[in-house]
Amino acid sequence: SFLFDELLPHISQKHLPPGPGGRPLRLRNLDVGLWGISDAGYTAWYSIWKRPGDFDTALMQTPMLFWNCGEALEEVLKAGSQWANKRNHSERLRLYMDHGDQEDPSAYQAPVDNFFSLLQNLGFKDGHDIFLVDGFGDGHYDSAFYKRAPR
């Protein structure tokens, strides 16, 4: 992918300090995560889903998991166990999800809760490699995301 194969190596070469012995750091030696709100949260999931091992962490704040008629949920239902087997070779995968209780329940709350349950069924452990925060009184707007993020 452009992001991992082209953009991130350029950024790391230009902005990261050298590794041991002055050698350049390789991205595989680092934890690489993506963060996104709403549709960008879906993108964070998609990256870790399609390239586990290249991307280690997805921070998905109110991810738009209902996109394309719930494709993310369907993908995990169909191929989740195969994906989980790949995950076992890269134990560093972590997923953070959240949603607020003032968001549309059918669009945000239920899909995120269902997705969290699916990942638990695949062996992810709450508080260890998956995290879910339910924001009390929060909606789908910027200030709510930043209020929930520190949890």
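Heads up: numbering here begins at 1 and tracks the sequence. Scope of the values below: all heavy atoms of this structure, side chains included, with no hydrogens, waters or symmetry mates.
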Taking C-beta and beyond as the side chain, do [X] and [Y] meet within less than 4.5 Å on heavy atoms?
X    : Y    : answer
Y96  : T57  : no
D134 : D113 : yes
V76  : L122 : yes

Smallest separation among heavy atoms of [X] and [Y], with atom names:
X    : Y    : value
L93  : W83  : CD1-CZ2, 4.0 Å
I48  : F55  : CG1-O, 3.3 Å
G36  : A44  : N-CB, 4.4 Å
L132 : V112 : CD1-CG1, 3.6 Å
P63  : Y42  : CB-N, 4.0 Å
L65  : A72  : CD2-CB, 3.8 Å

**Prompt:** Hey, mind stepping through L118 and L77 against side chain to side chain contact (heavy atoms under 4.5 Å, CB included) and telling me if it holds?
**Reply:** CA-CA 8 Å; L118 284 173; L77 282 170; 3.4 Å; yes

**Request:** Output the distance between atom CD1 (I130) and atom OG (S117), rounded to the nearest 0.5 Å.
**Result:**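 Atom-to-atom, I130:CD1 and S117:OG are 8.0 Å apart.
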
**Message:** I need the K125 NZ to Q120 CD distance, nearest 0.5 Å.
**Reply:** 9.5 Å

**Item:** Stepwise side chain to side chain contact (heavy atoms under 4.5 Å, CB included) check, L95 with F116
**Value:** CA-CA 9 Å; L95 294 100; F116 185 80; over 6 Å; no

**Prompt:** What residue among M97, M60, M64 forms side chain to side chain contact (heavy atoms under 4.5 Å, CB included) with W45?
**Reply:** M60

**Request:** Give a yes-or-no answer on whether the side chains of Y46 and E75 include a donor-acceptor pair shorter than 3.5 Å.
**Result:**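 E75 and Y46 do not have a side-chain donor-acceptor pair below 3.5 Å.
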
**Message:** Has W67 got a side-chain atom pairing as donor or acceptor with D39's backbone, closer than 3.5 angstrom?
**Reply:**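 No.
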
**Request:** Determine yes or no for a side-chain-to-main-chain donor-acceptor pair under 3.5 angstrom, with D98 supplying the side chain and T62 the backbone.
**Result:**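 Indeed, once roles are kept as given, a pair shorter than 3.5 Å links the two residues.
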
